[in-house]
Amino acid sequence: MKEKLDALKYKLKSPFLDIGRPEESILLIGMGRSGTTWAADIINHDKSYRILFEPFFPSLVNEAKDFAYIQYMNPADNRAALAAGAQKILAGKTRSQWVDRDNKGILYRRRIIKDIRSNLMAGWLKKLAPRLPVIQLIRHPLQVACSWRKLGWGEEALGERSDFDIIMSQHRLLEDFPIIKKIVQKINPDNFLDNVIFLWGVMHLVPLDQFPTDKVYRLFYEHLLINPEAECKKLFYYLHKEYSWDNVKETVNRKSSTNFQNRNLSQDKNLLLHGWKKELTGAEIERADEILSMFGLEGVYDADGLPAGKEYS
């Protein structure tokens with residue numbers, strides 16, 4: 001009830017119009033600290049999109065209240081309450097200070113659903129909205145782990161459980177992907193690195209399994225950082241969006257609102273790409289590679305930490 005009241009107050013306070021059709025949405029998914037906010041800002045460099053910030057956060061968004069904090073959905077799942085909530089979000093029928101934190105416009109015809117908790121249900125969302133373009137942002141697991149360690153991530157925001165416990169509580173996920181239970185027996189969830197690399201494996205195993213290459217755009221953070229002009233051109237072509245590097249480059253170099261460590265994208269480029277090599281020991285790097293190989297994901301990145309496997313792009 002409180003969420004509905006807060007949403008109503010915000011709607012009265014911020015009377016912008018979202019008149020876009022449901023199919024005028026883009027779904028941008030990725031693990032936390034992979035660069036999803038940055039990517040959303042780049043796509044929205046001309047401010048033509050309404051960005052829905054993390055709308056599948058059940059504690060803060062009324063339409064997502066029936067979802068788990070990190071929700072897995074088999075694409076064949078037909079739970080009506082969850083489908084109804086998801087369709088409202090995809091159609092832009094939700095509004096709150098949390099979801100619309102970065103929106104300053106008055107009229108919107110398109111929207112970007114930017115969410116770090118949707119990797120495990122993106123296939124289901126695509127089935128609900130078959131014409132929905134899906135962008136999966138991928139960043140090197142060890143760079144993600146280093147960022148999580150600095151920020152103390154791994155626990156449910158506004159909750160009491162760990163991300164690991166939430167994953168392991170979802171029986172349908174474990175039934176659909178029995179490899180997860182096998183891997184859990186070979187890791188130490190109390191070890192921070194084991195834990196985050198395991199989470200990275202689960203968060204990427206599911207969408208890589210559910211999405212054929214031609215049904216998703218896999219955007220590598222490293223490609224966007226190293227060669228942004230070429231990567232943006234490909235990305236905008238996928239989205240059927242007009243592209244001019246002169247119009248995009250300023251946004252590419254601008255810090256996003258979730259750049260919590262205040263990195264400079266040009267000056268800190270090497271640190272953003274390879275910082276994990278200095279922060280982690282050889283034994284830790286070897287352990288991470290071992291866990292990734294259990295998932296069959298050892299080929300996503302090469303030994304230098306750059307995207308490697310063509311089958312993933």
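Computed from a predicted structure; not experimentally measured.
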Legend entry - Centroid-centroid distance, Tyr108 to Tyr49, less than 6.0 Å: no

Inset, instruction - Could you verify whether a donor N or O on one side chain and an acceptor N or O on the other, from Asp100 and Asn103, lie under 3.5 Å apart? - result: yes

Inset, instruction - Mind listing the closest non-hydrogen atom pair of Gly30 and Asn119 along with its distance? - result: N-OD1, 3.1 Å

Inset, instruction - Taking all non-hydrogen atoms of both residues into account, name the closest pair between Pro55 and Leu52 and its distance. - result: CD-O, 3.4 Å

Legend entry - Between Ser48 and Arg110: side-chain donor-acceptor atoms closer than 3.5 Å: yes

Legend entry - Ion pair Asp115/Arg117, N-O distance below 4.0 Å: no

Legend entry - Interatomic distance, Lys150 atom NZ to Glu279 atom CD [nearest 0.5 angstrom]: 3.0 Å

Inset, instruction - For the residue pair Asp246 and Ser244, confirm or rule out a side-chain donor-acceptor distance under 3.5 Å. - result: no

Inset, instruction - Assess the side chains of Glu155 and Ser162: does a donor N or O sit below 3.5 Å from an acceptor N or O? - result: no

Legend entry - Check: Asp176/Asn74 side-chain N/O donor and acceptor closer than 3.5 Å: yes

Inset, instruction - Would you verify whether the NZ or CZ of Arg218 falls within 45 degrees of the ring axis of Phe211 while also being under 6.0 Å from that six-membered ring's centre? - result: no

Legend entry - cation_pi(Arg139, Tyr221) dist<6.0 Å, angle<=45: yes

Legend entry - Between Thr36 and Lys114, a side-chain donor and acceptor under 3.5 Å: yes

